[in-house]
**Q** 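This is the structure, below, for whatever I ask next.
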Amino acid sequence: MKLSLLFFLQTSLLVTPALAFQPAPFHGGVRGVAVVARGVPSSSVAVTSSSANYNNYAVISTLSAINNDNSNNNPSKSALRMSETADAGGESTSTSSGGTASIPNEIFNLVKSIVGAGVLSLPAGIAAFGNAPTAVFPAIALITLIGFFSAYGFSLIGRVCSYTGGKSYREAWSESIGENSSWIPAATCTFKTCFAVLSYSMILADTIRALLMTVGVETTRTLALLGVTGTTLLPLCLLKNLSSLAPFSLVGVAGMFYTAVAMAIRYLGGSYKLGTAAVKGSKAVPAGKYFADVAANYQPQFGNLGASAALSPNTFILICMLSTAYMAHFNAPKFFIELKDNTIKRYNTVVGTSFGISVFLFAVIGALGFLTFGSASSGLILNNYSNKDVLMSLSRVAVAISIVFSFPLAFVGARDGWLDVLKVPVEKRTNSVLNKTTVAILSVITLIATQLKELAFIMSFAGATLGNALIYVYPALMFRSAVKNMGEKASKGLKREVPFAMFSAGLGCVMGAIGAKMALGML
């Protein structure tokens, strides 16, 4: 079983780089500067949300700037740009420029954006439909498939920016579909950011409590969250310059790689395996070293629901969790703009390779967690490991540090996003207004986090509703409109691709509808 699992994981990594989808030989480049969160340097935005895998939601704090930037919202200019590129047979007539980032640098930053603590909920997604070890096979297949469609959506956004000259998700929408409805993706991202911050708080509540118990301090989940919020999160969220916090998110990336290795060691070493009594002709098998230290509801449990159980509707819970886990799409324009010599081919190389690596890590962590604990897998898999397990306690430390210092970066996006939704002018956003808004929003989120304990629900519901829209539906709609605006000058390749893009959008709608219903059933 272990050898076949390793082979399957290796295969998934080899297959996924084909995600560098290049259906039409369009090479576009736009000049521009990516707008980033207040006080956060451009080079650091790609890591601002890695700790919970909501991937750069801090960039949403710039929605107000985008709202007021109408310099590129002239439909005639947009149509002219698209006509020029179409006239060139899919090649941009302007000199491709982009930024200064190399392909390896972009791959590194995009992987940091995708891979975060959200991956630690995937074992629970597998446990939602199966309880036998063979359930990992369809799960890995789904991780790979959803990774492909997520990468395709990411690619579409960059390509739309190439066709239209858009420099942000909202500008891409404005230039392709229209400015009047551009509030839709902006509002969607604001709500998604709120879910990101909520998940941060929920993870911290469990992680801080576990770490305190490791050193002999008994406390409740609520007190642990209130303590870290009042002493650390609130002061950080009140900072007016967040640039000094960005480097700490690197801890989250290193922590995920470390966690994958630690989980492999514990699984292969049998530290949490179930013991079996002696039967005629065989000896008793002792339980793993840490088995007795785990709470009864977190101890490994296995049944007979294997690969065939993937046909259950409960599979959509995992699918929608993946829509949250792969979420990095609001920052796709930034990656396209900052890539040196940003042709579509080079951009898709970045996208395909980055998502391929992410697929591999998601598959490894998801499979190892489930194979260790089965149907008892927690929405935060670290909860399943003993507080006396030093190896896994180090992983908790890395996750906690990463989230604490990434929390303000994402929170600023949620706060400024709400101010935009409420149409509060930038000039009226004084320090006093920002401070009061910060305290109010953080209080509400903390209160909700103390009551909600199932991270898997937040991951799956947010993915089913908001994630599917941002990953599958909106990119396809923008691409279709961009090609339509080109008129007869659009290449045949682009026209042939539109139905596939709309298929991706339809798939996102179906997955979202079923996934949302299944997620609500978890409450």
Side-chain angles (χ1 to χ4, degrees), residues 18-30 72-96 98 145 148-182 184-185 329 332-333 335-337 339 342-352 355 468-511:
L19 294 172
F21 190 77
Q22 300 172 35
F26 187 97
H27 301 276
V30 294
N72 290 311
N73 291 333
N74 188 320
S76 61
K77 292 182 180 179
S78 178
L80 178 59
R81 270 195 299 271
M82 290 186 285
S83 296
E84 289 174 346
T85 55
D87 281 337
E91 299 286 340
S92 176
T93 57
S94 61
T95 303
S96 179
L145 181 64
F148 168 81
F149 279 102
S150 297
Y152 178 64
F154 197 95
S155 173
L156 282 183
I157 297 169
R159 291 166 61 196
V160 169
C161 289
S162 172
Y163 303 159
T164 65
K167 302 180 184 67
S168 68
Y169 200 119
R170 181 163 187 169
E171 279 194 24
W173 180 287
S174 297
E175 297 286 356
S176 57
I177 296 179
E179 171 64 21
N180 291 337
S181 59
S182 63
I184 296 176
H329 294 61
F335 280 95
F336 176 75
I337 291 171
L339 176 64
N342 56 349
T343 63
I344 293 299
K345 181 178 180 180
R346 285 171 58 81
Y347 173 72
N348 281 341
T349 297
V350 170
V351 175
F355 274 85
N468 280 339
L470 292 167
I471 293 175
Y472 310 115
V473 181
Y474 296 170
L477 293 177
M478 290 189 293
F479 177 74
R480 182 183 65 176
S481 294
V483 174
K484 181 180 179 181
N485 291 341
M486 294 179 189
E488 295 300 322
K489 296 183 179 181
S491 68
K492 293 182 179 180
L494 291 176
K495 292 180 178 179
R496 286 195 298 266
E497 186 183 349
V498 169
F500 180 79
M502 295 311 298
F503 168 77
S504 175
L507 187 64
C509 291
V510 173
M511 292 191 301

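All residue numbers in this chain count up from 1 along the given sequence.
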**Q** Among residues at least two apart in sequence or on other chains, which ones pass side chain to side chain contact (heavy atoms under 4.5 Å, CB included) with Val473?
**A**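 Listed in chain order: Leu477, Cys509.
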**Q** How many angstroms lie between atom CG of Leu156 and atom CD1 of Ile471, to the nearest 0.5 angstrom?
**A**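 So the gap between those two atoms works out to 12.5 Å.
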**Q** On a heavy-atom basis, which atom in Ile157 and which in Met478 lie closest, and how many Å separate them?
**A**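 Scanning both residues completely, I find the closest heavy atoms to be CG1-CE, 4.2 Å.
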**Q** Grab the two heavy atoms, one from Ser168 and one from Cys161, that are nearest each other, plus how far apart they are.
**A** O-SG, 4.4 Å
**Q** Rounded to the nearest 0.5 Å, how far apart are NE2 of His329 and OG of Ser155?
**A**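 Reported value, rounded in 0.5 Å steps: 9.5 Å.
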**Q** Are the side chain of Ser162 and the backbone of Gly158 linked by a donor-acceptor contact shorter than 3.5 Å?
**A**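 Looks like no, no N/O pair under 3.5 Å.
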**Q** Looking only at non-hydrogen atoms, find the nearest pair between Ala476 and Ala501 and report the distance.
**A** CB-O, 3.1 Å
**Q** If you round to the nearest 0.5 Å, how far is OG1 of Thr164 from CD of Glu171?
**A** 8.5 Å
**Q** Apply the test side-chain contact (heavy atoms from CB on, under 4.5 Å) to residues Val351 and Phe335: give CA-CA distance (whole Å), side-chain angles for both, the deciding distance (0.1 Å), then the verdict.
**A** CA-CA 9 Å; Val351 175; Phe335 280 95; over 6 Å; no
**Q** If you compare all heavy atoms of Ala482 against all heavy atoms of Tyr163, which two are closest, and at what distance to 0.1 Å?
**A** CB-CD1, 4.3 Å
**Q** Look at the aromatic rings of Tyr152 and Phe148 and report parallel, tilted or perpendicular, splitting at 30° and 60°.
**A** parallel
**Q** Closest heavy-atom contact between Tyr472 and Gly508?
**A**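 Looking at all heavy atoms of both residues, the closest pair is CD1-CA, 3.7 Å.
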**Q** Tell me, please, which residues at least two apart from Lys484 pass salt bridge (Lys or Arg N to Asp or Glu O under 4.0 Å).
**A**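 Per chain and number, Lys484 pairs via salt bridge (Lys or Arg N to Asp or Glu O under 4.0 Å) with no residue.
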**Q** For the backbone of Ser181 and the side chain of Trp173, can you confirm whether one donor and one acceptor N or O come within less than 3.5 Å of each other?
**A**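 The answer is yes, because a donor-acceptor pair under 3.5 Å joins these two groups.
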**Q** Quick one: pull up CZ in Arg480 and OG in Ser176 and give me the separation to the nearest 0.5 Å.
**A**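 Spacing of CZ (Arg480) from OG (Ser176) equals 10.5 Å.
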**Q** Applying ring pair (Phe, Tyr, Trp, His ring centres under 6.0 Å), can you list everything that pairs with Tyr347, at least two apart in sequence or on another chain?
**A**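 Ring pair (Phe, Tyr, Trp, His ring centres under 6.0 Å) check on Tyr347 returns Phe336.
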**Q** Given 3.5 Å as the limit, does a donor-acceptor pair link the side chain of Tyr169 with the main chain of Leu470, or not?
**A**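 Such a contact is found between Tyr169 side chain and Leu470 backbone.
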**Q** Can you name the ring pair (Phe, Tyr, Trp, His ring centres under 6.0 Å) partners of Phe479, sequence neighbours left out?
**A**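 Ring pair (Phe, Tyr, Trp, His ring centres under 6.0 Å) list for Phe479, sorted by chain: empty.
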**Q** Identify the two heavy atoms, one from Pro475 and one from Gly153, that lie closest to each other, and give their separation to 0.1 Å.
**A** CB-O, 3.7 Å
